[in-house]
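Working notes, beginning with the structure itself.
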Amino acid sequence: MNNLSSLCNSTMKLPSRVLTLRNASVVEFRHSYNTPCDQKLTCKSKASFSFNQNSQFHAYPSPFLAFQGVIYNSQKLNCLPSSSFGLHSTVSRPYGVPVEASPVETDKNPERLCVENCNDENIVGGEVPGAEYGNSRASHESEIDKEAWSLLRDAVVTYCGFPIGTVASNDPGDKHPLNYDQVFIRDFVPSALAFLLRGEGEIVKNFLLHTLQLQSTEKTVDCYSPGQGLMPVSFKVRTVPLGDNKFEEVIDPDFGGSAIGRVAPVDSGLWWIILLRAYGKISGDYTLQEREDFQAGIKMILNLCLADGFDMFPSLLVTDGSCMIDRKMGVHGHPLEIQALTYAALRCSREMLTVIGCSKNLMTAINNRLSALSFHIREYYWVDLRKTNEIYRYKTEEYSMDATNKFNIYPEQIPSWLIDWIPEDGGYLIGNLQPAHMDFRFFTLGNLWSLISSLATPKQNEAILKLIEAKWDDIVGHMPLKICYPALENEEWRIVTGSDPKNTPWSFHNGGSWPALLWQFTLACIKMGRIELAQKAVGLAEKKLSVDRWPEYYDTPSGKFVGKQSRLYQTWAIAGFLTSRMMLEKPDMASLLFWEEDNELLENCVCALTKGGRKICSRDVAKSQILV
């Protein structure tokens with residue numbers, strides 16, 4: 001029986017989102033404007049927005065109106081020109097110009113809303129608590145900080161005149177941007193934190209409001225629909241000509257239907273939940289997460305994560321390329337990155353969900369999964385010298401509830417580089433675990449988020465940082481930080497990646513160095529009281545990033561060269577650097593973003609004895625292996 005079958009129907013179906021003054025942000029604002037003679041945008045005409053679950057979707061003929069295929073006929077809003085604004089909102093422009101909010105009136109029908117114009121106070125937002133810090137800090141910024149902030153603001157994307165995100169890359173010399181001119185959910189997280197820490201929360205609020213409305217409800221690949229609640233990997237604000245020198249803006253999301261390999265973004269919804277919590281923590285504005293539509297959005301994401309399936313493990317089963325490593329790199333199955341982000345998202349949801357009625361069942365499911373997942377990762381993913389020696393002596397083909405080698409791992413899988421690489425007092429969580437397979441590569445993002453979310457134990461957290469410190473030249477080198485170590489080479493590279501010319505050894509996802517990981521390393525160091533390590537890494541980045549024009553990634557084993565296909569002026573490299581600097585200056589603000597050990601979760605175990613007396617949980621046997 002599905003462990004979520006007792007939840008309310010509204011969490012299993014697309015909920016009717018009744019827009020009020022606080023949740024009137026609808027993704028499909030459409031507005032028309034004339035070319036340069038008069039470019040001021042003010043929405044004049046009223047439009048009704050229907051969210052009846054039984055309504056039929058309206059199909060638009062234009063191939064660019066992908067998102068419009070999920071909007072009802074009545075969801076249109078026309079705007080007339082009245083403010084200075086470029087033709088393409090994807091063209092970067094500074095934001096922050098104050099716009100007066102216009103009145104919003106509610107129709108007699110509780111499921112309909114009339115919006116006077118796009119300048120709704122709910123969309124524009126305002127400065128959040130902490131602005132005093134941002135303003136005071138601006139007076140003593142270094143030259144590199146000023147440059148980074150200028151580039152970050154230039155990367156801002158506006159929609160209907162309001163900031164809603166940042167493009168992935170804003171390289172003026174890039175003639176073929178592919179999808180780098182889109183707003184990626186995962187890429188926007190460091191940008192959002194940078195703006196929040198500076199006291200500029202309106203762009204984050206708008207981003208959360210608009211992406212909530214993009215949750216999957218439409219066909220995206222051939223004739224198959226992904227699970228309801230899926231968040232897009234990215235979206236683009238497009239301008240479409242209407243004739244008579246007029247244009248309209250539309251938001252066009254990508255759920256993986258245009259991505260290389262057509263892989264759905266599993267991590268997007270997890271990052272969205274993590275950012276929603278961060279917005280409330282830093283800004284002090286908890287009204288978003290308390291709203292009914294946001295509560296429903298969280299539940300739909302959790303339904304995808306907690307649904308029962310064929311898997312025997314509490315870890316989430318995904319295909320290759322479903323996270324930051326979005327190309328074939330042997331990260332299918334149960335990759336650590338997805339498990340760590342899932343754990344963090346579950347802990348966020350546990351804090352944000354309102355426990356009433358059927359939500360109690362969901363909260364029980366969250367607690368059960370948190371308990372099981374933390375045990376599973378701590379016990380079976382952890383390797384240090386002692387655990388490696390234990391694996392080396394494993395017996396195979398064991399058939400027993402009390403088996404030591406539960407996944408039938410063959411000792412010959414231990415790579416030759418591992419024995420001399422792990423320091424005496426260090427350790428890490430392996431990249432992947434499946435029956436008869438352990439991926440011993442060190443994946444930085446997964447280990448950092450295991451530390452940040454306390455998925456790992458306190459001793460394991462210390463050991464992870466000790467390993468990074470001991471293997472600084474391998475993991476940090478000339479530019480922090482390696483996305484994984486070591487790289488796949490020779491025949492292994494050909495088999496695992498399919499001879500991917502972009503993921504050649506020590507490049508891109510195959511052992512490349514990514515400055516975007518810097519802010520997460522900084523947060524982990526602050527949590528563990530190792531600020532000097534973060535300062536050392538930020539210092540390395542400061543020497544090269546600006547000179548090298550803020551690359552996406554670096555190549556070679558030590559991260560010395562700018563990546564051979566690296567985009568320049570990569571936004572999350574810029575934002576990650578700024579966020580790291582601000583967190584080091586204000587560690588008390590950074591402390592709002594990580595979690596400490598939850599002793600209540602350690603005591604929970606949903607297993608019991610069967611009626612026949614057979615023990616169905618082997619936790620007591622395995623518990624001796626966990627470093628508490």
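Side chains are part of it too, since the values below use all heavy atoms of this structure and drop only hydrogens, waters and symmetry mates.
Under the 3.5 Å distance criterion, the side-chain polar atoms of Gln413 are left unmatched by any main-chain donor or acceptor of Ile409. At distances below 3.5 Å, not a single donor-acceptor pair connects side-chain atoms of Tyr392 with backbone N or O atoms of Lys387. No side-chain donor-acceptor contact under 3.5 Å links Ser507 to the backbone of Asn503. With Thr579 contributing its side chain and Pro190 its backbone, the two residues share a donor-acceptor pair below 3.5 Å. Asp439 places no side-chain N or O within 3.5 Å of a backbone atom of Gly431 that could act as its donor or acceptor partner. One N or O on the side chain of Arg369 and one on the backbone of Cys305 form a donor-acceptor pair closer than 3.5 Å. Under a 3.5 Å cut-off, the side chain of Ser322 and the backbone N or O of Val318 do not form any donor-acceptor pair. Asn405 places no side-chain N or O within 3.5 Å of a backbone atom of Tyr394 that could act as its donor or acceptor partner. With hydrogens and angles ignored, the 3.5 Å screen pairs no side-chain donor or acceptor of Lys406 with any backbone N or O of Ser400. Between the side chain of Ser169 and the backbone N or O of Leu568 there is at least one donor-acceptor pair closer than 3.5 Å.
From Leu455, atom CG reaches atom CG of Leu601 across 10.5 Å, with rounding to the nearest 0.5 Å. Atom CG of residue Leu545 and atom CG of residue Leu151 lie 11.0 Å apart, to the nearest 0.5 angstrom. Atom CG of Leu316 sits about 9.0 Å away from atom CG of Leu373, to the nearest 0.5 Å. One finds the NE2 atom of His376 at 11.0 Å from the OG atom of Ser374 (value rounded to the nearest 0.5 Å).
Residue pairs that meet the salt bridge (Lys or Arg N to Asp or Glu O under 4.0 Å) test with at least one member in residues 541-552, sequence neighbours left out, are Glu542-Arg581. Note on residues 494-507: pairs passing salt bridge (Lys or Arg N to Asp or Glu O under 4.0 Å), not counting sequence neighbours, are Arg327-Asp500, Glu491-Arg494. Sorted by first and then second residue, the salt bridge (Lys or Arg N to Asp or Glu O under 4.0 Å) pairs involving residues 414-426 (not counting sequence neighbours) form an empty list. Within the structure, the salt bridge (Lys or Arg N to Asp or Glu O under 4.0 Å) test picks out the following pairs touching residues 561-573 (sequence neighbours left out): Asp174-Arg567.
Within a 6.0 Å radius of CZ in Phe407, more than 12 heavy atoms belonging to other residues, nucleotides or ligands are found.
Taking a cutoff of 4.0 Å between a charged side-chain nitrogen and a carboxylate oxygen, Asp384 and Lys466 do not qualify as a salt bridge. Taking 4.0 Å as the cut-off between side-chain N and carboxylate O, Asp588 and Lys586 do not count as a salt-bridged pair. The pair Glu337-Arg441 fails the salt-bridge criterion, with no side-chain N (NZ, NE, NH1 or NH2) lying under 4.0 Å from an Asp/Glu carboxylate O.
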Please list every donor-acceptor pair under 3.5 Å in which a side-chain atom of residues 522-533 meets a protein atom from a residue at least two apart or in another chain.
residue : atom : partner : partner atom : Å
Thr522  : OG1  : Leu518  : O            : 2.9
Thr522  : OG1  : Ser580  : OG           : 3.2
Lys527  : NZ   : Leu451  : O            : 2.6
Lys527  : NZ   : Ser454  : OG           : 2.7
Lys527  : NZ   : Trp595  : O            : 2.6
Arg530  : NE   : Glu532  : OE2          : 2.5
Arg530  : NH1  : Glu469  : OE1          : 3.4
Arg530  : NH2  : Glu469  : OE1          : 3.1
Arg530  : NH2  : Glu469  : OE2          : 3.0
Arg530  : NH2  : Glu532  : OE2          : 3.0

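Remark: Ser234 engages Gln182 in a side chain to side chain donor-acceptor pair (under 3.5 Å) (not counting sequence neighbours). Applying the salt bridge (Lys or Arg N to Asp or Glu O under 4.0 Å) rule to Glu462 yields no partners; only residues at least two apart in sequence or on another chain are considered. Scanning for side chain to side chain donor-acceptor pair (under 3.5 Å) contacts around Thr342 gives an empty result, with sequence neighbours left out. Evaluation of the side chain to side chain donor-acceptor pair (under 3.5 Å) rule for Thr556 yields no partner, not counting sequence neighbours. Residues satisfying the salt bridge (Lys or Arg N to Asp or Glu O under 4.0 Å) criterion with Asp326, sequence neighbours excluded, are absent altogether. Taking Glu492 as the reference, nothing meets the salt bridge (Lys or Arg N to Asp or Glu O under 4.0 Å) condition, with sequence neighbours excluded. Arg277 meets the salt bridge (Lys or Arg N to Asp or Glu O under 4.0 Å) test with Glu351; sequence neighbours excluded.
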From CA spacing to verdict: salt bridge (Lys or Arg N to Asp or Glu O under 4.0 Å), Glu596, Arg347 = CA-CA 11 Å; Glu596 299 294 347; Arg347 292 200 67 171; over 6 Å; no
ask   = Under the salt bridge (Lys or Arg N to Asp or Glu O under 4.0 Å) criterion, do Arg262 and Asp254 qualify, and how do the steps go?
value = CA-CA 10 Å; Arg262 303 301 188 264; Asp254 179 15; over 6 Å; no
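For Phe577 and Trp550, the ring centers are positioned less than 6.0 Å apart. When ring centroids are compared, Phe561 and Tyr554 stay outside the 6.0 Å threshold.
Residues Thr444 and Cys484 form no side-chain contact, since every pair of their non-hydrogen atoms from C-beta on lies 4.5 Å or further apart. Looking at Leu418 and Ile422, their side chains come closer than 4.5 Å, going by heavy atoms from C-beta outward. Contact of the Tyr485 side chain with the Trp506 side chain is registered, since non-hydrogen atoms from C-beta on lie closer than 4.5 Å. Counting heavy atoms from C-beta outward, Leu276 and Ile298 have side chains that approach closer than 4.5 Å. Put simply, the side chain of Trp572 reaches to within 4.5 Å of the side chain of Trp514, judged on heavy atoms. At a threshold of 4.5 Å between non-hydrogen side-chain atoms, the residues Leu208 and Tyr279 count as touching. Residues Pro335 and Phe443 have side chains not in contact (no heavy-atom distance under 4.5 Å, counting atoms from C-beta outward). Considering only heavy atoms from C-beta on, Phe313 stays 4.5 Å or farther from Leu317 through its side chain.
Of the N and O atoms on the side chains of Trp382 and Gln460, not one donor lies less than 3.5 Å from an acceptor on the other residue. Between the side chains of Thr396 and Asn408, no donor N or O sits under 3.5 Å from an acceptor N or O. Looking only at atom types and distance, the side chain of His478 has a donor-acceptor partner in the side chain of Ser558 under 3.5 Å away. Inspection of the Thr504 and Trp493 side chains reveals no N or O donor paired with an N or O acceptor under 3.5 Å. At a cut-off of 3.5 Å, with distance as the only test, a side-chain donor of Tyr410 or Glu397 sits close to an acceptor on the other residue. Side-chain contact, Asp474 with Trp472: no donor N or O sits under 3.5 Å from an acceptor N or O. Defined by atom type and a distance below 3.5 Å, a donor-acceptor pair is missing between the side-chain atoms of Lys328 and Thr497.
Heavy atoms only, all atoms of each residue included: Leu336 and Gly446 are closest at CD2-C, 3.6 Å. Annotation for Thr211 and Met231: closest pair O-SD, 3.5 Å, computed over non-hydrogen atoms.
No option in Trp271, Phe207, Trp272 other than Phe207 meets the ring-ring contact (aromatic ring centres under 6.0 Å, His included) test with Phe188.
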